[in-house]
K.L.:
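One structure coming up, written as structure tokens, with questions to follow.
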2 protein chains.
Amino acid sequence: MGSVIEQTPLLPVAEGFPFLAGASAATRELVSTLPVRQVEPRRPVLHRGDAAEGVFLVVGGSLRVFYIAADGHEATLYRVRPGQTCILALTAAFRSEPYPAWVETEDEELSFVLVPGAMFRQLYNTEPTFRSFVFEVLSGRVFELMTRLEEVGSLRVEQRLAAFLLEAADANGEVAMSQARLAAHLGTAREVVFRALRTMSDARLVATSRGRVHLLDRAGLRRLHQLG
Amino acid sequence: MGSVIEQTPLLPVAEGFPFLAGASAATRELVSTLPVRQVEPRRPVLHRGDAAEGVFLVVGGSLRVFYIAADGHEATLYRVRPGQTCILALTAAFRSEPYPAWVETEDEELSFVLVPGAMFRQLYNTEPTFRSFVFEVLSGRVFELMTRLEEVGSLRVEQRLAAFLLEAADANGEVAMSQARLAAHLGTAREVVFRALRTMSDARLVATSRGRVHLLDRAGLRRLHQLG
DNA sequence: AGGCCTCTGGAACTTGAGTCACACTTCGAC
DNA sequence: GTCGAAGTGTGACTCAAGTTCCAGAGGCCT
């Protein structure tokens, strides 16, 4: 843990979390008392083995959940985006296993609401809309991890990179990441990312510049991802 | 548990699923109307893209959830054991994505109860014990998949095989699987499993015979798994 | 018996990707 | 403008693991 956490009360949490619209007035009241907090970009949030005292509702920015292998290399397991939640650190407290991963903020400042464990359980047991929210986040995560596992086991790095770029690109088709960060997401080495990008670049699928990748041919990247 | 009234098909279900003990009489009644069904060993249960009409509560035997890659090789994503449930095929219906994997029975005959979608939602919304059961299964699956993903990305096949053998062995330290089946679980080739087994065998960690692996040194296998 | 299928044992080759070493560029800070 | 840090570009090497191909053993059936 241990990062700079600033507090700003009451930002529009309801906008990002539709389940609140269907919730009772009492619940909306309850959640609105919770402060919206911030964490600076690129800061650690949880270390492996930590048990959080609550559940993170991400309002802005994003969290990256990743592992660090024995040899020091790291790889992203999944990312928590606005409107989603990171409940596992709490779950880890229920179960007796330690939380199996690290969590850090990404390139934007994170704003989030921390729902304490007791309140989480109360909401889960009383608000049908919150229940289906939790169910969707969890089952969506299972789907996502299954897909990731299949990709790691059956696609080449170049194909996985294509998939990652398609998912990470903004509306302009820009991915503002260094090759080293891309490598850390994919769990590979920087040089390997470079070679894959050169191939893609030669094929006019992307154009690269310092700290960014510009997607030139999304359909081509999608084809690269799917057929091996 | 009474002796006469509940000696229906419900009996084995209640034993395997503790959440029923804490449920209302109405719910126990409801679930007791569901037949316990069987599927023979090594049969397909769901194909990728299928949407199941309900949720499987596994009473006996086990399910194997796996993917098949473009080149035909397959790998196990996770296994559903007695007392657990496979809800994803139902979830796939809620979401508009197809179910991302295949499901088949393993070496024992499967017995299960199929809880229809509507009943599942009703139970989820009315029975606190069922809710926490679902929550635990889902979050446990997320943990499991995260661990698997880390292992695939950072361990050698030999280490993953050691982990798999430890988990799959019965009380006598026997794993009754051919090398081809082990390879299909790990997502690798039969020859690779053979080489790993030969190394382990040379190190007196296991002994092999046709269709089975006998664990000789569990502590040694654990060491092999962890340090690499 | 013979035949057939499954399974294990093994050599030889290929390849994707991780590692090492190093030069060059870009950019911000001082 | 200089300096250092961060980032990119590249060749050479290594290695785990996948591929190909085949020999022989073990079991089961008729």
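Every chain is numbered from 1 and lettered A, B, ... according to where its sequence line falls, protein lines coming before strand lines.
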K.L.:
More 5' along DNA chain C: Arg190(A) or Arg212(B), using each one's nearest nucleotide?
P.N.:
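Looking at DNA chain C, the more 5' nearest nucleotide goes with Arg212(B).
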K.L.:
Test: ring pair (Phe, Tyr, Trp, His ring centres under 6.0 Å). Region: residues 146-188 of chain B. Which pairs qualify, not counting sequence neighbours?
P.N.:
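Found Phe164(B)-His185(B).
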K.L.:
With a 4.0 angstrom cut-off to heavy atoms of chain A, pull out the first and last contacting nucleotide of DNA chain D, in 5'-to-3' order.
P.N.:
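The contact span of chain A on DNA chain D goes from dA6(D) to dA12(D).
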K.L.:
Check nucleotides 27-29 of chain C for protein N or O atoms closer than 3.5 Å to its own N or O atoms and list the pairs.
P.N.:
none

K.L.:
Quick one: side-chain hydrogen bond (donor to acceptor under 3.5 Å, both in side chains) partners of Arg37(B), sequence neighbours excluded?
P.N.:
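By the side-chain hydrogen bond (donor to acceptor under 3.5 Å, both in side chains) rule, Arg37(B) matches no residue at all.
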K.L.:
Please name all residues satisfying salt bridge (charged side-chain N to carboxylate O under 4.0 Å, His left out) with Glu167(A), sequence neighbours left out, ordered by chain then number.
P.N.:
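Salt bridge (charged side-chain N to carboxylate O under 4.0 Å, His left out) list for Glu167(A), sorted by chain: Arg81(A).
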K.L.:
So for atom CD, which belongs to Gln38(B), do other residues, nucleotides or ligands contribute more than 12 heavy atoms lying within a distance under 6.0 Å?
P.N.:
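Atom CD in Gln38(B) is crowded, with more than 12 foreign heavy atoms closer than 6.0 Å.
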K.L.:
Could you go through residues 194-205 of chain A and list every donor-acceptor pair under 3.5 Å that involves a side-chain atom there, pairing it with any protein atom two or more places apart or in another chain?
P.N.:
| residue | atom | partner | partner atom | Å |
| --- | --- | --- | --- | --- |
| Thr199(A) | OG1 | Arg195(A) | O | 3.0 |

K.L.:
Is the shortest heavy-atom distance from the side chain of Arg160(A) to the side chain of Val157(A) under 4.5 Å?
P.N.:
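Arg160(A) vs Val157(A): side chains touch.
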K.L.:
Would you call Val137(A) and Val80(A) a side-chain contact if the rule is heavy atoms closer than 4.5 Å?
P.N.:
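The answer is no, as the side chains (C-beta and beyond) never meet within the 4.5 Å cut-off.
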K.L.:
Considering only heavy atoms, which members of residues 172-180 of chain A lie under 4.0 Å from some atom of DNA chain D?
P.N.:
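Hits under 4.0 Å, by residue number: Ser178(A), Gln179(A).
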K.L.:
List the atom of Ala92(A), the atom of Tyr99(A), and the distance in Å for their closest heavy-atom pair.
P.N.:
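So the minimum-distance heavy-atom pair works out to CB-N, 3.7 Å.
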K.L.:
Between Ser139(A) and Thr91(B), which heavy-atom pair has the shortest distance, and what is it?
P.N.:
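So the two residues come closest at OG-CG2, 3.2 Å.
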K.L.:
Which pairs with one or both residues in residues 209-220 of chain B pass side-chain hydrogen bond (donor to acceptor under 3.5 Å, both in side chains), sequence neighbours excluded?
P.N.:
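Of all non-adjacent pairs touching residues 209-220 of chain B, those that pass side-chain hydrogen bond (donor to acceptor under 3.5 Å, both in side chains) are Glu174(B)-Arg212(B), Glu174(B)-His214(B).
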K.L.:
Can you pull the side-chain hydrogen bond (donor to acceptor under 3.5 Å, both in side chains) pairs that have at least one residue in residues 52-72 of chain B, sequence neighbours excluded?
P.N.:
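The answer is Ser62(B)-Glu106(B), Arg64(B)-Glu74(B), Arg64(B)-Thr76(B), Arg64(B)-Glu104(B), Asp71(B)-His73(B).
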K.L.:
Not counting sequence neighbours, which residues clear side-chain hydrogen bond (donor to acceptor under 3.5 Å, both in side chains) with Arg181(B)? List them please.
P.N.:
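Testing Arg181(B) for side-chain hydrogen bond (donor to acceptor under 3.5 Å, both in side chains), a comparison that skips the adjacent residues, returns Asp107(B).
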K.L.:
dG16(C) C1' sits how many Å from His73(B) NE2, rounded?
P.N.:
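Rounded to the whole Å, the gap is 14 Å.
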K.L.:
Report the residues that fulfil side-chain contact (heavy atoms from CB on, under 4.5 Å) with Pro116(B), sequence neighbours left out, ordered by chain and then residue number.
P.N.:
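If we apply the side-chain contact (heavy atoms from CB on, under 4.5 Å) test to Pro116(B), skipping adjacent residues, the hits are Leu34(B), Met119(B).
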K.L.:
Quick check on contacts: within residues 191-204 of chain A, what sits under 4.0 Å from DNA chain C by heavy-atom distance?
P.N.:
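Within residues 191-204 of chain A, the residues near DNA chain C are Glu191(A), Val192(A), Arg195(A).
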